[in-house]
A.B. asks: 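After the structure tokens below, expect a handful of questions from me.
We number each residue from 1, following the sequence as shown. All values derive from a computational prediction rather than experimental measurement.
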Amino acid sequence: MALTSPSAELPPDLVEVELSDDYESLTMDACQLLAETDARFVVSGFGQEEWPVNISYDLSSVIEQLPEAIEKLQSGRSAGIDLYGQGIERRLTFVPAGDTTEIRCVSGTAWRPEPDMEVLSRTAALELLTGLAGDFGAALRRAAPELATRTPFAQW
């Protein structure tokens with residue numbers, strides 16, 4: 001999972017929207033703004049080079065779940081990320097196992113992951129998620145600097 005930063009800042013009239021204070025709504029607002037740019041959200045693996053994901057809905061759902069997933073992995077517990085948008089409908093489960101983390105993929109559509117499990121070092125699995133958080137923060141700093149100062153994005 002990765003997000004490429006947009007090439008330019010959004011015009012001020014697009015960014016001057018009333019932003020929510022709660023995390024989930026703020027994330028949706030941020031993703032709607034990023035969807036207006038040339039940023040790209042890319043997910044691959046489990047036998048599919050590039051998953052059919054978008055920024056406005058799929059990235060939003062991932063970012064909403066990211067802080068909890070990172071916290072769980074950091075503490076050695078299993079974590080899940082649901083990509084529940086129509087057409088993608090996949091669940092990634094991160095299961096720490098010693099020095100490694102098993103990432104399991106379950107599909108809710110006719111598509112089937114092959115393989116249905118990939119193994120990363122525990123560090124690499126955590127870096128996958130923290131790296132996406134960093135990508136998101138960088139994309140916001142580029143596209144909408146004022147929004148990037150909001151919690152938790154400012155720490156990303």
Side-chain angles (χ1 to χ4, degrees), residues 1-10 19 22-85 88-107 111 113-156:
M1 284 187 273
L3 177 66
T4 59
S5 285
S7 59
E9 188 172 333
L10 284 167
L19 299 171
D22 71 279
Y23 176 69
E24 288 81 11
S25 297
L26 187 61
T27 297
M28 286 187 268
D29 292 341
C31 287
Q32 288 294 342
L33 290 172
L34 287 175
E36 297 293 326
T37 72
D38 59 347
R40 285 194 66 230
F41 176 45
V42 178
V43 182
S44 62
F46 302 97
Q48 188 170 12
E49 188 61 34
E50 194 168 315
W51 292 14
V53 294
N54 63 49
I55 289 176
S56 60
Y57 193 83
D58 300 313
L59 178 63
S60 178
S61 67
V62 171
I63 296 297
E64 287 174 21
Q65 301 167 74
L66 205 52
E68 181 180 356
I70 290 170
E71 186 274 322
K72 284 183 174 181
L73 276 185
Q74 286 173 329
S75 65
R77 296 179 290 148
S78 294
I81 297 282
D82 280 310
L83 290 109
Y84 45 75
I88 187 80
E89 302 168 47
R90 299 173 192 179
R91 176 167 178 76
L92 299 174
T93 305
F94 296 76
V95 182
D99 290 339
T100 64
T101 298
E102 297 173 352
I103 305 172
R104 300 177 185 152
C105 181
V106 175
S107 174
W111 175 81
E114 183 60 44
D116 63 355
M117 183 178 70
E118 295 185 6
V119 180
L120 295 178
S121 72
R122 196 160 170 195
T123 301
L126 187 56
E127 286 173 354
L128 178 74
L129 300 182
T130 58
L132 181 59
D135 290 349
F136 191 75
L140 284 181
R141 285 189 292 280
R142 178 75 171 145
E146 188 173 314
L147 178 55
T149 65
R150 304 285 290 270
T151 301
F153 311 140
Q155 289 77 40
W156 292 357

A.B. asks: Looking at residues at least two apart in the chain, or sitting in another chain, which of them share a side-chain hydrogen bond (donor to acceptor under 3.5 Å, both in side chains) with Glu68?
C.D. replies: Lys72

A.B. asks: Using the side-chain contact (heavy atoms from CB on, under 4.5 Å) definition, which of the options Leu3, Val53, Leu92, Ile81 pairs with Val62?
C.D. replies: Ile81

A.B. asks: If you round to the nearest 0.5 Å, how far is OG1 of Thr37 from CZ of Arg142?
C.D. replies: 10.5 Å

A.B. asks: Please, which pairs that meet salt bridge (charged side-chain N to carboxylate O under 4.0 Å, His left out) have at least one residue in residues 49-64, sequence neighbours excluded?
C.D. replies: Arg40-Glu50

A.B. asks: Test your reading of the model: is there a side-chain donor-acceptor pair from Asp135 to the backbone of Ala2, 3.5 Å cut-off?
C.D. replies: no

A.B. asks: Can you tell me if Glu102 uses its side chain to pair, donor with acceptor, with the backbone of Met117 under 3.5 Å?
C.D. replies: no

A.B. asks: When you measure from the side chain of Gln155 to the backbone N and O of Thr151, does any donor-acceptor pair fall under 3.5 Å?
C.D. replies: no

A.B. asks: For Ala79 and Leu73, work out which heavy atoms get closest and say how close.
C.D. replies: CB-CG, 4.3 Å

A.B. asks: Less than 4.5 Å apart, side chain to side chain, heavy atoms only: is that true for Arg90 and Trp51?
C.D. replies: yes

A.B. asks: Which pair of heavy atoms, one from Thr149 and one from Ala154, lies closest together, and at what distance?
C.D. replies: O-CB, 3.5 Å

A.B. asks: Does Asp82 come within less than 4.0 Å of Arg91, counting only side-chain N to carboxylate O?
C.D. replies: yes

A.B. asks: For Thr123, give me all partners under side-chain hydrogen bond (donor to acceptor under 3.5 Å, both in side chains), at least two apart in sequence or on another chain.
C.D. replies: none

A.B. asks: Locate the shortest heavy-atom distance separating Pro6 from Ala143; write the atom from each residue and the value.
C.D. replies: CG-CB, 3.6 Å

A.B. asks: Can you tell me how far the CH2 atom of Trp156 sits from the OG1 atom of Thr130, to the nearest 0.5 Å?
C.D. replies: 11.0 Å

A.B. asks: Please confirm whether the backbone N or O of Asp22 pairs with a side-chain atom of Ser25, one donor and one acceptor, at under 3.5 Å?
C.D. replies: no

